[in-house]
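Convention: sequence-line order gives letters A, B, ...; per-chain numbering from 1. In what follows, every heavy atom counts, from backbone to side chain, and hydrogens, waters and symmetry copies are set aside.
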There are 2 protein chains.
Amino acid sequence: MTERPLPTKDRLIRTAAELFQRSGYHGVGLSELLAAADAPKGSLYHHFPNGKSDLAIAAATWASDGMLRMIAASFEPADSFMEGVETLCHKIAKLFDKSGRWDTCPISATLFEGPDNTSFRDHAYHLYKGWISEVTHHARRFGLPAPEETADTLFILLQGGWQLARARQSSDVLRALPGKLPAAKTD
Amino acid sequence: MTERPLPTKDRLIRTAAELFQRSGYHGVGLSELLAAADAPKGSLYHHFPNGKSDLAIAAATWASDGMLRMIAASFEPADSFMEGVETLCHKIAKLFDKSGRWDTCPISATLFEGPDNTSFRDHAYHLYKGWISEVTHHARRFGLPAPEETADTLFILLQGGWQLARARQSSDVLRALPGKLPAAKTD
DNA sequence: ACACGGCTAGACCGATTGGTCCAGTGAGGA
DNA sequence: TCCTCACTGGACCAATCGGTCTAGCCGTGT
């Protein structure tokens, strides 16, 4: 997993993201993480002087960037807002199935349950805001009446949907999400 | 906190629920937990032979029962389904504010991030099913056209809404939830 | 050819983890 | 009165935690 040719720093970030999503910040030990990334302790503390917490923030940011790209890739080629929503939900459903269906949202897994450090929580909200404002942008572009509120609702549906999908072990929940968005009016 | 007259076992369950919600299963050490509950280690392993994991399941079940009562108390005196939803969302918003606005859903905090034990995940879904079927029952009672689907959606909105509320540090998200439920038709 | 510095490798550290074990303790029944 | 047993209190344990530190590898610039 997470192939070898990548530079050590990137390998650390990717495996950290992966493991934190699976077991949460406190649920992953450095030894397990370093073994999975095939990196020695020295490298970790070279690239991330503050150790685990620095790495966690980097991992969450990296995962968030991926999500941001997924949102953009769903809405940009779409002919309507709802078409973008549909594409996004299907992409996320696929991601869910690929993840083994037990992972948590990368940001909440990594940052909300981290040390009670305020900066962790602030960063989490910062990343979430990025997702929401990206959706808001597209909602506005398609002339939706209440772009901010619609973006909020989509975010809520995705977060809650992911949770229920995880409990049910089925991505069907995620695929059914578009029908629950009030803006499903077909203009 | 969690006053003294309660029997030790109950004190353990309550403080476990509280702490797990704040920091997650792996984020709370036994020493911290026992200190908060003012109980010695011997008592923990007397009441819960399997230690932390047994306690976690008991704590999640206890928290879930409280939620179940809150759902019932919201819908039973209501004159319509939407009135019940409104009441429930406001109750939860209050709970959110009282919790310090950083806690996680007690079940996902306790069970989803616990040991990768399957029984943990199964129990989590079992508890969630309890919530959803309670809502389904009331939806059917009020003659809603699609009771199961409506209950699912309410669950999704509550889970996602809680998450966004936590990020934003504001319970307004939760209070606005009823308006996002498609069944908001006023019959 | 040599020195420099980014990076790796892993031994080592004290603190804390979850868990075990047993000697009390004290209320209730015989 | 004494026995019993559910319960408490805490010493103790190996394992693991996150983190520090230093020795050396190796590519690059001069």
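- The A:Thr8 side chain lies nearest to C:dT8 when the options are C:dG18, D:dT8, C:dT8.
- Side chain of A:Ser43, nearest nucleotide from D:dC7, D:dG9, C:dT8: C:dT8.
- At least one side-chain nitrogen or oxygen of A:His47 sits closer than 4.0 Å to the OP1 or OP2 atom of C:dT8.
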- Stepwise side-chain hydrogen bond (donor to acceptor under 3.5 Å, both in side chains) check, B:His137 with B:Arg140: CA-CA 5 Å; B:His137 160 68; B:Arg140 188 170 288 123; over 6 Å; no
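- Rounded to an integer number of Å, the gap from CG of A:Leu34 to P of D:dC17 is 10 Å.
- Side chain of B:Leu30, nearest nucleotide from C:dG18, C:dC7, D:dT8: C:dG18.
- Remark: the A:Lys41 side chain and the D:dG19 base include a donor-acceptor N/O pair separated by less than 3.5 Å.
- Not less than 6.0 angstrom separates the ring centroid of A:Tyr25 from the ring centroid of A:Phe112.
- One finds a side-chain N or O of B:Ser31 lying less than 4.0 angstrom from the OP1 or OP2 phosphate oxygen of C:dT17.
- Between B:Tyr45 atom OH and C:dC22 atom C1' the separation is 16 Å, expressed in whole Å.
- Residue A:Gly29 is in sugar-phosphate contact alone, with no base atom involved, counting any heavy-atom pair closer than 4.0 Å across all strands shown.
- Atom NZ of A:Lys9 is separated from atom C1' of C:dT8 by 16 Å (rounded to the nearest Å).
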